[in-house]
Amino acid sequence: MADDQELSRRLTDVARGTDGVSHVFPAQSIVRVAADEVAAQLELRQPGTMVDVHRGGGAVRIAAEVAVDGARPATETVREVGERIRSVVDAEPGPRPDTITVVVRLVDDTVGLTADDVAAGTV
């Protein structure tokens, strides 16, 4: 497989580019996210690496956390993110991931709402 940071950046772009995804969150623990932010500021880690590529104990695990926009069912969006990630990693040389996990962290279902709806308190 490609360098894990480069692969994470590419997988993050794939997740972001999926219809229905409004945001990609860091899939790592808050402590690791903080450490990665410091590393990115020090240019030790590439920005845009939200999808976690974890290797350990002979296993490869990939995790993504996304916000969906409500334009289509969240299950369809999550399934497509997982399929798109799988297609990218299947094209890479090396071991295949043991798991690919995609989690919806937020449903941002504001599709079709107007400022008047919000002001009127109908949402």
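In this text, all values refer to a predicted model and were calculated from it rather than measured experimentally.
Rounding to the nearest 0.5 Å places CD of Glu83 at 11.5 Å from CG of Asp90. To the nearest 0.5 Å, atom CZ of residue Arg72 and atom OG1 of residue Thr18 are 7.5 Å apart. Interatomic distance, CZ of Arg86 versus CZ of Arg79, reported as 15.0 Å (0.5 Å rounding). The line from CG of Asp69 to NE2 of His23 is 13.5 Å long, rounded to the nearest 0.5 Å.
Contact of the Val66 side chain with the Thr77 side chain is not registered, since no non-hydrogen atoms from C-beta on lie closer than 4.5 Å. Thr75 has its side chain out of reach of Val104: every pair of non-hydrogen atoms, C-beta onward, lies at least 4.5 Å apart.
Between Val24 and Ala15, the shortest heavy-atom distance links the atoms CG2-CB, 3.8 Å. Closest approach of Ala74 and Val68 over heavy atoms only: CB-CG2, 3.9 Å. In plain terms, the two heavy atoms of Arg84 and Gly17 that are nearest each other are NH1-O, 3.0 Å.
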Does Glu6 form a salt bridge (charged side-chain N to carboxylate O under 4.0 Å, His left out) with Arg9? I'd like the steps, not just the answer. CA-CA 5 Å; Glu6 173 61 20; Arg9 187 193 57 72; 2.5 Å; yes
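Just one residue in the list Val51, Leu7, Ile85, Asp52 forms a side chain to side chain contact (heavy atoms under 4.5 Å, CB included) with Thr12, and that residue is Val51. Under the side chain to side chain contact (heavy atoms under 4.5 Å, CB included) test applied with Leu11, the options Val88, Ile100, Val81 reduce to a single match, Val88.
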